[in-house]
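Note on naming: letters A, B, ... go to the chains in the order of the sequence lines (proteins, then strands), and numbering restarts at 1 for each one. Atom set for the values below is all heavy atoms of this structure, side chains included, hydrogens, waters and symmetry mates excluded.
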Amino acid sequence: MAAQSNNVIEVKNVVKKFGDFTALNNVSFTIKEGELFGLLGPNGAGKTTMINLILGLLKVTSGTIIIDREDISRNPERIKKIIGMMTQETVVEPDLTAKQNLELFARLYGLSEAEMSKRVSEALKDANLEDKANVRAGTFSGGMQRRLELVKSMVNVPKILILDEPTTGLDVQNRVDMWKRIRELSKRGVTIIMTTQYLEEADSLCERVAVIDHGEVKAIGTPLELKKQVATKPILEIFAKADVLDSIAEIIRVKYKLKPEILGEKLLAEISGDTASVVSGIMKETSKRKIEIYSISSRLPTMDDVFIKLTGSSLRDTTSGTYESTRSKMMTRR
Amino acid sequence: MRINEWKREDDDLSIGRDTLSLLRREMIIYVAHIKTNVIRALIFPFILIIIFSNLGSNSAVGITTAVVNYANNPASASFLSSLQSQNTLQITSVTDLSQAMSMLKSGSADLVVVILPTFPRTDGSNPSVQIYHSNSNLAGTAGGISIIEQAAAKYGADPSSATGDPQAASHVAQLVGSNLAYGFQISYKTFLIGGLIAMVAAFGAIFGGGATLISDRQLGNLKAFLITPVSKNAIILSKILYGTIVSVIGGMLALGLGIAMGGTMAMGIAGLPYILVLVTLISIGFSSFTVVLASRVKNIEAYQIFAQVIVMPLWFLSGAFFPVSSMPAWMQPISVVDPMTYATTGIRYVMLSGYYPLQAFGTDILALLLFFALGFGLSFILFKMRID
Ligand SMILES: Nc1ncnc2c1ncn2[C@@H]1O[C@H](COP(=O)(O)OP(=O)(O)OP(=O)(O)O)[C@@H](O)[C@H]1O
Ligand SMILES: [Mg+2]
């Protein structure tokens with residue numbers, strides 16, 4: 001083999017347009033073998049589009065994507081065999097049993113009958129669904145369906161696993177379980193690329209993260225690097241009514257020489273000097289002036305701070321709470 | 001080298017294998033929803049048979065009828081004039097049977113009525129009025145025959161009819177009097193059922209082939225398949241085959257329902273293979289077209305509208321409800337290029353006349369094969385793979 005690099009995925013200057021709309025603009029990143037890589041971005045950032053390009057389901061407008069040292073357009077069949085994928089929509093077949101779901105995909109990957117039955121029973125075990133093997137998947141809870149999806153995406157024992165928002169729509173318990181499973185797969189040496197809208201997910205799970213917004217990569221690095229990029233110092237966070245935040249900001253600017261930023265009902269500023277005295281000083285000052293604040297605290301920088309710095313808006317604010325399923329339910333399903 | 005190391009030993013067979021895997025999935029889903037699927041196939045035929053099956057006697061218009069009167073008694077003269085008074089029948093009196101039969105053969109007569117000397121008595125099991133009709137206007141004769149039957153009933157005669165197909169004429173002539181072998185009571189109900197079987201098959205293709213492709217696309221299943229190394233052709237093929245299976249099952253269910261509701265199968269159980277072949281061919285054709293259509297429209301609503309706008313007229317123009325001969329002249333050529341015409345006609349040979357002349361069979365099969373080849377071939381060319 002020629003140039004030895006342990007990059008499994010190389011995305012170079014990728015542009016993807018849908019008509020006049022640019023969904024991805026000059027995106028580049030590389031993923032090393034065995035890495036757990038995150039694409040972090042809000043709704044409509046272009047995460048799924050990026051994934052679809054890697055899978056060869058869409059064609060780039062310009063730029064190149066190299067997987068396992070080969071341009072994906074050269075030999076899409078080979079690429080497909082080494083990639084496993086869990087799509088954003090849960091697509092277990094409700095009318096098929098857990099086992100039938102797995103067998104269908106094992107067959108489509110061309111496994112022999114013997115191999116198939118081995119992998120399927122392993123997969124059922126991995127998903128803790130052995131006792132539900134012959135139960136229709138439509139009766140499963142959301143968490144069980146996702147678990148089935150995850151092992152289904154591994155049925156071809158892929159070198160690269162792509163997870164498109166694996167925890168969106170899951171409750172906390174199932175989310176934590178899913179994280180554990182993803183970590184285990186990563187430990188086994190599988191290269192994983194996952195997308196997420198959740199900062200804490202990218203923070204706690206991913207080894208490296210690309211922050212993507214409006215189709216552009218805003219930053220790439222380990223969660224720690226990204227946080228350092230924002231601030232090495234603690235961050236002051238004040239919640240208050242929007243109309244009083246300006247006067248608080250003025251105090252902070254003048255008295256403590258900090259550079260506050262206001263976002264709705266929140267004020268953020270990097271603290272220089274002694275944190276405790278800054279916080280207590282501000283509390284005294286505001287109570288003296290009868291300025292009402294909801295809360296004041298200091299903390300270390302989070303991914304949210306990274307995001308605010310990079311995009312000028314809070315990811316948490318735009319995506320927290322409701323996840324609306326984009327799946328259109330059909331009236332005339334057989 | 002790299003390419004080869006991934007080539008599976010069974011790569012040449014993989015399209016077949018993948019198709020079967022996908023088809024297996026479709027069938028599991030079909031069985032899981034078996035009630036809905038059966039009801040969907042049967043509900044419209046059921047309603048249509050109930051509402052329309054007794055319309056027969058009024059549906060005949062301007063049927064040319066050659067009458068040979070061998071009886072020459074007052075009763076036969078009065079019978080003849082009662083036939084002449086029917087608006088729907090155009091009566092021509094002919095002196096002998098062979099002349100009448102050649103009129104039937106050439107198409108200048110739709111029906112031949114022979115009044116035997118025994119009229120109005122029934123001589124043992126032999127009827128004294130024989131009706132011959134041409135299969136070329138099988139549909140149009142349905143009403144005519146029932147009018148003649150009603151008229152003859154007043155005289156106590158027991159008419160029977162026999163197949164008078166051009167090729168079969170001589171054959172049938174031998175059977176005059178033994179009305180059971182080729183003789184049959186043509187009924188609008190059976191006529192209608194023939195058309196309904198073709199309809200159920202066509203609509204089965206709409207639901208089975210194209211509609212499931214759209215739902216798979218919308219629910220993300222199609223994307224999940226395309227992530228695997230499965231070939232695009234296997235996906236197309238499995239959808240076409242599934243549509244075909246749904247259609248054929250539907251068609252056979254409709255046949256069973258029709259028989260249960262009083263339709264007849266003139267050819268008996270031997271006719272089943274013919275119907276199966278006709279229905280299968282029409283189903284593959286329609287299924288192919290619906291799969292292409294589904295691959296090219298965005299949502300299920302648009303698909304339903306397009307599919308129905310195409311299938312409905314084809315269905316009506318095929319003579320499913322009314323004989324082609326009763327349609328306006330400008331419409332009739334359309335029925336010639338309408339594949340459903342051939343399926344409907346073929347099914348009627350089997351169910352109504354009990355005799356499927358080789359030439360007619362050849363024409364029907366050839367037309368349907370053409371439709372199948374066109375639809376099947378084009379589906380692989382025109383199919384547009386999309387995931388959104
Ligand atoms: N086929 C398409 N045609 C036109 N626009 C598209 C198409 N696919 C995606 N887009 C647009 O591209 C943008 C990125 O979409 P994408 O699905 O990649 O976002 P995402 O980051 O995955 O968001 P989400 O978190 O909602 O899944 C969106 O504005 C979307 O509307
Ligand atoms: Mg997405």
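For A:Lys17, the NZ atom sits in a loose shell: 12 or fewer heavy atoms of surrounding residues, nucleotides or ligands are nearer than 6.0 Å. No more than 12 heavy atoms of other residues, nucleotides or ligands lie within 6.0 Å of CZ in B:Phe46, so this atom counts as exposed by the packing criterion. In this structure, A:Phe18 places its CZ atom where more than 12 heavy-atom neighbours from other residues, nucleotides or ligands lie under 6.0 Å away. Heavy-atom contacts from other residues, nucleotides or ligands closer than 6.0 Å to NZ of A:Lys16 number more than 12. A 6.0 Å sphere centred on CZ of B:Phe380 holds more than 12 heavy atoms belonging to other residues, nucleotides or ligands.
Contact check for A:Asn156 versus B:Thr228: no side-chain heavy atoms found under the 4.5 Å cut-off. Residues A:Glu89 and B:Leu219 fail the side-chain proximity criterion, which asks for heavy atoms closer than 4.5 Å. Counting only heavy atoms from C-beta outward, the side chains of B:Tyr30 and A:Asp95 never approach each other to under 4.5 Å.
The candidate with the highest count of non-hydrogen atom pairs below 4.5 Å against chain A, out of B:Val31, B:Leu226, B:Asn299, is B:Leu226. For the set B:Gly208, B:Ala32, B:Ala224, the entry with the most heavy-atom pairs within less than 4.5 Å of chain A is B:Ala224.
Taking OH from A:Tyr109 and CD1 from B:Ile227, the interatomic distance works out to 6.5 Å, rounded to the nearest 0.5 Å. Between the CZ atom in B:Arg17 and the CZ atom in A:Arg107 there is a gap of 8.0 Å [rounded to 0.5 Å].
Looking at B:Arg386, neither its backbone nor its side chain comes within 4.5 Å of chain A, counting heavy atoms on both sides.
The shortest non-hydrogen separation linking B:Pro229 to A:Lys81 is CG-CG, 3.5 Å.
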Determine all donor-acceptor pairs shorter than 3.5 Å in which one atom belongs to a side chain in residues 47-59 of chain A; sequence neighbours excluded.
residue : atom : partner  : partner atom : Å
A:Lys47 : NZ   : A:Gly41  : O            : 2.9
A:Lys47 : NZ   : A:Pro42  : O            : 3.0
A:Lys47 : NZ   : A:Glu165 : OE2          : 3.4
A:Thr48 : OG1  : A:Gln88  : OE1          : 2.9
A:Thr48 : OG1  : A:Asp164 : OD2          : 2.9
A:Asn52 : OD1  : B:Lys223 : NZ           : 2.9

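Taking A:Glu103 as the reference, nothing meets the side-chain hydrogen bond (donor to acceptor under 3.5 Å, both in side chains) condition, with sequence neighbours excluded.
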